[in-house]
Undergrad: 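After the structure tokens below, expect a handful of questions from me.
All residue numbers refer to positions in the sequence shown, counting from 1. Fair warning: this is a prediction, and the values are worked out from it, not measured in the lab.
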Amino acid sequence: MIKPNSKKDVLYAVLAAVAGIVAGCGMLAASAHAEEAPHPAHVDKDAARDLFNTYSCSACHSLTDAGATGSVGPSLDDPALTRDFIIGRVTNGQGAMPSFGGQLSDDEIALLADYIVEVNHQAPAQ
């Protein structure tokens with residue numbers, strides 16, 4: 001064990017310990033935000049489907065529930081797509097995907113994401 005040479009050394013040691021604790025708490029908070037956002041129990045599929053078609057998502061994407069057969073962008077019938085991923089991509093865009101962050105409200109974007117996740121996780125009709 002190293003003995004401090006002065007009160008200043010003790011103060012620095014305490015500050016370093018506190019900083020370590022605070023940094024650790026920050027990492028816990030960051031990991032909590034990295035988890036998937038909760039999916040609501042009920043999605044208004046009709047409203048979401050209307051929004052999907054009104055903003056021409058179907059022009060680029062396929063999504064069976066919406067009757068969309070677009071082939072420019074990826075299929076949204078992929079159960080690997082997460083709510084957070086969809087929200088981020090619709091909000092910010094990327095590549096050929098435009099940003100809808102200024103055109104759709106946060107609630108509308110969340111509704112679209114919830115809808116896509118709900119319908120792409122259903123078993124195919126037989």
Undergrad: Would you list the pairs meeting salt bridge (Lys or Arg N to Asp or Glu O under 4.0 Å) in which at least one residue belongs to residues 91-107, sequence neighbours left out?
TA: none
Undergrad: Are side-chain N/O atoms of S62 and T69 paired as donor and acceptor at under 3.5 Å?
TA: no
Undergrad: Indicate yes or no for a side-chain donor-acceptor contact from Q103 to the backbone of F100 under 3.5 Å, with no hydrogens or angles considered.
TA: no
Undergrad: So, H61 side chain and P74 main chain: donor-acceptor pair closer than 3.5 Å or not?
TA: yes
Undergrad: Could you tell me the separation between the CG atom of D65 and the NZ atom of K45, rounded to the nearest 0.5 Å?
TA: 5.5 Å
Undergrad: Mind checking side-chain contact (heavy atoms from CB on, under 4.5 Å) for A47 and listing every partner two or more places apart, or none if nothing turns up?
TA: D44, L111
Undergrad: Could you check if a side-chain atom of T64 sits within less than 4.5 angstrom of a side-chain atom of V119, using non-hydrogen atoms only?
TA: no
Undergrad: What distance separates I87 CD1 from I109 CD1, expressed to the nearest 0.5 Å?
TA: 8.0 Å
Undergrad: Could you pull out the closest heavy-atom pair between F52 and S58, with the gap in Å?
TA: CE2-N, 3.6 Å
Undergrad: Keeping the roles fixed (side chain from T82, backbone from F85), state whether a donor-acceptor pair exists under 3.5 Å.
TA: yes
Undergrad: May I have the step-by-step check of side chain to side chain contact (heavy atoms under 4.5 Å, CB included) for V117 and L81, ending in yes or no?
TA: CA-CA 7 Å; V117 167; L81 294 173; 5.7 Å; no
Undergrad: Using 0.5 Å steps for rounding, measure from the CG atom of L63 to the CZ atom of R49.
TA: 9.0 Å
Undergrad: Could you walk me through whether L112 and Y55 satisfy the side chain to side chain contact (heavy atoms under 4.5 Å, CB included) test, starting with their C-alpha distance in whole Å, then the side-chain angles of each, then the deciding distance to 0.1 Å, before giving a yes or no?
TA: CA-CA 11 Å; L112 278 172; Y55 279 86; 5.9 Å; no
Undergrad: Quick one: side chain to side chain donor-acceptor pair (under 3.5 Å) pairs with a partner in residues 87-100, sequence neighbours left out?
TA: R89-Q94
Undergrad: Any sub-3.5 Å donor-acceptor pair from N120's side-chain atoms to L76's backbone N or O?
TA: yes
